[in-house]
Amino acid sequence: MKPSFYNRPVLEVAPELIGCVVTHGETSGAIVEAEAYHESEPASHGFIGLRPRTEVLFGPPGRAYVYRSYGVHALLNAVCEPDGVGAGVLIRALQPLTGVGLMRRRRGLQRERDLCSGPGKLTQALGIELDDNGVDLLRGPIVISSRPPAWRDIEVVADRRIGITRAVELPWRFTAAGSRFVSRPFRLIAV
DNA sequence: CATGGGATTGACT
DNA sequence: GTCAATCCCATGC
């Protein structure tokens, strides 16, 4: 992935991230579900403005914004748009590719479909923690790379975002059409 | 300093 | 379907 990839409107980046591969150590998976968030809408953490918590989200594009959700889970975002703009893509589900045995051990589960089918599940499976907040997604230790050949021409569909209470009507959730590795089924709105 | 609210998950009815 | 776990941090006094 080139640095300029993330320095664009988050609504352009999010659907293009579907099919790209997230790697951390020996574990990796293809992104099958992601959501866009932008400071201009109230569901985004950036909506409150620049705070200690949102410092990375407002920083330069191409970094990982990792935060604790419900006091329990670490959630992974890819920071987008120019330095100073609070925007990012929440990675919500992966199709496991490598290190599946390690994922099973970390998750304490066997079914491949249950390993990364949710934003808190995939960070646990890949061993991503809160102190990964701010790491460079081009240099690592968390890396996002372009679509493998088999994923080059996949169909991407849009739907409403999940688990939020504000701006629920925006169709800013993107999934790989027909994937069985998403966190929840989709309804089909656009491409 | 006290309070309240989550971009969730898994266990249980 | 319901519900608790658990912790950062924003907000308000």
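Remember, it's a predicted structure, so these values are computed and weren't measured experimentally.
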Self-check item: d(CD1, I164(A); C1', dG6(B)) in whole Å
Solution: 12 Å
Quiz item: What parts of residues 47-71 of chain A reach DNA chain C, counting only heavy atoms under 4.0 Å away?
Solution: I48(A), R51(A), P52(A), R53(A), R68(A), Y70(A), G71(A)
Quiz item: For the side chain of R68(A) and the backbone of V72(A), is there at least one donor-acceptor N/O pair under 3.5 Å apart?
Solution: yes
Quiz item: Tell me: CG of L170(A) to P of dA7(B), nearest whole Å?
Solution: 15 Å
Exercise. Give a yes or no answer on whether the side chain of D136(A) reaches the backbone of L138(A) with a donor-acceptor pair at less than 3.5 Å.
Key: yes
Quiz item: Could you give the CD1-to-P distance, from I162(A) to dA7(B), as a whole number of Å?
Solution: 13 Å
Self-check item: Cation over ring face, R161(A) and Y37(A), 6.0 Å, 45°
Solution: yes
Quiz prompt | Those residues of residues 95-126 of chain A lying under 4.0 Å from DNA chain C by at least one heavy atom | solution = none
Quiz prompt | Distance in angstrom units between L75(A) CG and dC8(C) C1', rounded | solution = 14 Å
Quiz item: Once you round it to whole Å, what is the distance between C1' of dC7(C) and CG of N133(A)?
Solution: 15 Å
Exercise. Quick one: the dot-bracket string of DNA chain B, using Watson-Crick and G-U wobble pairs with both distances under 3.5 Å, [ ] for crossing pairs and | for bases paired to another strand.
Key: ||||||.|||||.
Quiz prompt | Main-chain N/O of A176(A) paired to E155(A) side chain as donor or acceptor, under 3.5 Å | solution = no
Quiz item: Base, sugar-phosphate, or nothing for L90(A), non-hydrogen atoms under 4.0 angstrom?
Solution: base
Practice problem: Under 4.0 Å between any heavy atoms, over every strand shown, what does R92(A) touch: base, sugar-phosphate, or nothing? Just pick one. | Solution: sugar-phosphate
Quiz item: Does R8(A) count as lying over the ring of F5(A), i.e. NZ or CZ under 6.0 Å from the six-ring centre, within 45 degrees of the axis?
Solution: yes
Exercise. Taking N77(A) for its side chain and Y65(A) for its backbone only, find out whether a donor-acceptor pair lies under 3.5 Å.
Key: yes
Practice problem: Please check if the side chain of S179(A) supplies one atom and the backbone of F181(A) the other of a donor-acceptor pair under 3.5 Å. | Solution: yes
Quiz item: With the threshold set at 4.0 Å, does a side-chain nitrogen-carboxylate oxygen contact exist between R160(A) and E169(A)?
Solution: no
Exercise. Quickly work out the E41(A) CD to dA7(B) P distance and round it to whole Å.
Key: 11 Å
Exercise. Please step through side chain to side chain contact (heavy atoms under 4.5 Å, CB included) for the pair V21(A) and L97(A), ending with a clear verdict.
Key: CA-CA 9 Å; V21(A) 175; L97(A) 293 178; 3.8 Å; yes
Practice problem: Verify side chain to side chain contact (heavy atoms under 4.5 Å, CB included) between M1(A) and L137(A), making sure each step is shown before the conclusion. | Solution: CA-CA 9 Å; M1(A) 215 61 74; L137(A) 291 173; over 6 Å; no
Practice problem: Measure from the side-chain N and O atoms of E35(A) to the backbone N and O of I162(A), and report whether any donor-acceptor pair falls under 3.5 Å. | Solution: yes
